[in-house]
Amino acid sequence: MANWFRKNNRAEPAGTEDKIIPNELQAAMHVHNSPLLTVTGVHRSFQVGGERLEVLKGIEMELRPLQLVMLKGRSGSGKTTLLNLIGGLDQPNEGEIMFLNHAFHLGSDNERTLVRRKEIGFIFQSYALMPLLSAWENVELALRMAGVPRSEWKERVAYCLELVGLGKRMYHRPFELSGGEQQRVAIAKAIAHRPSLILADEPTAELDSQMGAQIMSVFRSMIATEQVTICMTTHDPTILEDADHVYEMVDGKFVS
Ligand SMILES: Nc1ncnc2c1ncn2[C@@H]1O[C@H](COP(=O)(O)OP(=O)(O)OP(=O)(O)O)[C@@H](O)[C@H]1O
Ligand SMILES: [Mg+2]
């Protein structure tokens, strides 16, 4: 059953229930497979040293439920800039970003933060783990931030760490883990609160090809078992073969 059905059947204490997306809309989306996210005519530029740097010049894209979508493009082409917009960390100068029924181009920082905590999981290239916390505590922190009831933490943390193959490393702190293992803790952390969307910026860039393939198989199984949609950036041609759709960024626009 889809993520959003499970989520809405979850017992939560008063005040923390998921009010963001009405059940009917979720059901409709599931039935009609309508997009989870739509980006229309998006422009993003930055003011640098008195000059305007146009990075995104009219981006059109969509993410449909349960898709694995990849962004590729040269270094500096704007992939991370776009991921930040999709995840509600930044806003466009022009254009629209609809995530479920939320207008990310219009909402305040607070509104976007609330949606993001519940519905989006980020995997940054730099892992973003808390250095003094164990793998277990890092994942638990994500559940606390998302307002998931404490009674659910133990089972969920164990499940997510097992899913990424870290059942035997749960109590290690980041510096006691290899790079690939840290990356997998970051993935467990990003999926723990059952987001609808996972955004991953070069999640395999620092891994060898075997570990990269393992991460991709974790992503595939997450799409099946956790009912998420994944949008990631990569330069790796073998990994691009796994995508349901590849968007290629050239000169601030998609060419495919
Ligand atoms: N906050 C900012 N202020 C000024 N310029 C920025 C800002 N953020 C990004 N840029 C510029 O926008 C361009 C695109 O950056 P971005 O990080 O999106 O590229 P990328 O495609 O992710 O590259 P890479 O593959 O190297 O990660 C770069 O030239 C960068 O210098
Ligand atoms: Mg980048």
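Numbering of ligands and ligand atoms starts at 1, following listing order.
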At a cut-off of 2.8 Å, protein N/O/S around the Mg ion (ligand 2) gives Thr80 OG1
Hey, could you give me the NZ/NZ distance between Lys57 and Lys253, rounded to the nearest 0.5 Å? 7.5 Å
If the threshold is 4.0 Å, N to carboxylate O, is there a salt bridge linking Glu62 and Arg64? yes
Thinking salt bridges, do Arg220 and Asp244 make one under a 4.0 Å N-O criterion? yes
Is the backbone N or O of [Y] less than 3.5 Å from a side-chain atom of [X], with the two atoms forming a donor-acceptor pair by type?
| X | Y | result |
| --- | --- | --- |
| His43 | Asn93 | no |
| Lys189 | Ala128 | yes |
| Thr229 | Leu66 | yes |
| Trp153 | Val139 | no |
| Glu111 | Ser108 | yes |
| Glu137 | Ser134 | yes |

For [atom], the protein heavy atom that lies nearest, with its residue and separation:
| atom | answer |
| --- | --- |
| atom 9 (C) of ligand 1 | Phe46 CE1, 3.7 Å |
| atom 11 (C) of ligand 1 | Leu53 CD2, 3.9 Å |
| atom 25 (O) of ligand 1 | Lys79 NZ, 2.7 Å |
| atom 16 (P) of ligand 1 | Thr81 OG1, 3.6 Å |

Contacts of type side-chain contact (heavy atoms from CB on, under 4.5 Å), residue Ala135, not counting sequence neighbours: Leu161, Val185
Between ligand 1 and Gly78, is the shortest N or O to N or O distance under 3.5 Å? yes
Return yes or no for this condition: an N or O of Gly76 is under 3.5 Å from an N or O of ligand 1. yes
Is_contact(atom 30 (C) of ligand 1), protein non-hydrogen, under 4.0 Å: no
Part of [X] within contact of ligand 1 (heavy atoms, under 4.0 Å):
| X | answer |
| --- | --- |
| His235 | side chain |
| Val48 | side chain |
| Val55 | side chain |

Proximal ligand 1 atoms for Arg74, defined as those under 4.0 Å from one of its heavy atoms: 21 (O)
For Phe219, the option from Val228, Ile239, Thr204, Ile187 that meets side chain to side chain contact (heavy atoms under 4.5 Å, CB included): Ile187
Atom 26 (O) of ligand 1: which of Ala205, Gly252, Gly73, Ser75 has the nearest heavy atom? Ser75
Between the candidates Leu71, Asn84, Thr234, Thr80, which shows the shortest non-hydrogen contact distance to atom 17 (O) of ligand 1? Thr80
Using side chain to side chain donor-acceptor pair (under 3.5 Å), reason through His245 and Gln67 one step at a time and then give a plain yes or no. CA-CA 8 Å; His245 189 81; Gln67 269 189 328; 5.8 Å; no
